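All chains are named by letter (A, B, ...) in the order of the sequence lines, taking the proteins before the strands, and each is independently numbered beginning at 1. All values derive from a computational prediction rather than experimental measurement.
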Amino acid sequence: MRTALVILIWALVTPLFAQQPANEEGRASFRVVDIYVDSKRAPLAAYQLKFSMTNANAKIVGIEGGEHPAFREPPAYDPQAIQHERVIIAAFNTGSSDELPKGKARVATIHVQTTGGDALQCTLKVQTAANPEGTKIAVEAQRLPISSITRQ
Amino acid sequence: MNNDVPREEDLKAPPRLIEALKQACSERIFVPPTIDQTIFKAAERQLSPSGRGRVRPFWWWSALTTTAVLVAFALVTVQWQRSANGRFALEDVNRDGQIDILDAFALALQVKQGRSLEKRLDLNGDGVIDEKDVATIAEHAVKLERGGRS
């Protein structure tokens, strides 16, 4: 009876240990990528950026707005980009110059899920940007992964 | 067989003809220098680079005409493509040839300022030009052509 109980416990516990390496390989990491736009001295009224990831095992899972009040609402994006590797985000604000960000401002945040332990590889390109008059301006875009949350 | 035809070894010119030909060869024909010069100048005109330059305008005009035809063809093609999909042309509010967030921004500014807007900007066809039309342009601007896959 005791032997049978030991065998039963061993049979139940062994698969749990056997599955652990597989879980580690398929571990999902959630990362947050902050998107900044630096408009220098010009007030930023509109922007359009293209974000792409080159990791084969990375996908976009969410997009939210930025820190500055003018761009706190989530930007426009194609819903088809969710669960895929690239997205075009764009937003505008018709407020006056003093209501708009100047210099470097966080305009959006992109949530990314990766599997495996690879570092996130992504590119960010400015497609267009404008001042309150609608005139195109030169801006710089930056991305900054600030945190990584790992879930098994 | 015709016996009247003389054989080749029997052919012989008359002595008077032979004498006349000898005299003709001994006399040198005088060609005036002016004729020489005229012929030389005519040849020079024909063969000189300036003579060949007369052909050049033809090639210039051919190249120019061909280029003009190609440019016209390209312009017509682009115009045709735009008119084939009128929605693209309509959404290009700022007329910069691209549909992006700046078109939505331009329309939003016009709506905010309460300007009288053209009917063509009623993109969703609800009879009103408002934020919904702005959103339509914004949606188009961020549309991924082939899904999210790169």
Top residue by heavy-atom pair count (under 4.5 Å) with chain B, among A/E133, A/K136, A/Q127? A/K136
Check this for me, if you would: do B/R120 and B/D122 make a salt bridge, where the nitrogen-to-carboxylate-oxygen distance has to be below 4.0 angstrom? no
Is chain A contacted by the side chain of B/A141, its backbone, both, or neither, given a heavy-atom distance below 4.5 Å? both
Segment of A/T128 engaging chain B (4.5 angstrom heavy-atom cut-off): side chain
Check whether any side-chain heavy atom of A/I88 sits under 4.5 Å from a side-chain heavy atom of B/L144, and report yes or no. yes
When heavy-atom pairs shorter than 4.5 Å are enumerated against chain B, which of A/N93, A/I82, A/T94 gives the highest number? A/T94
To the nearest 0.5 Å, how far apart are CG in A/L120 and CZ in A/R143? 7.5 Å
Look at A/E140 together with A/K40 and state whether they make a salt bridge at an N to O cut-off of under 4.0 Å. yes
With a 4.5 angstrom heavy-atom cut-off, which part of B/A135 approaches chain A: side chain, backbone, both or neither? neither
Interface moiety of B/K143 toward chain A, non-hydrogen atoms closer than 4.5 Å: both
Just say parallel, tilted or perpendicular for the rings of A/F71 and A/Y47, cut-offs at 30° and 60°. perpendicular
If one checks every heavy atom of A/P132 against chain B at 4.5 Å, the contacting part turns out to be backbone
B/E131 CD: over 12 foreign heavy atoms closer than 6.0 Å: no
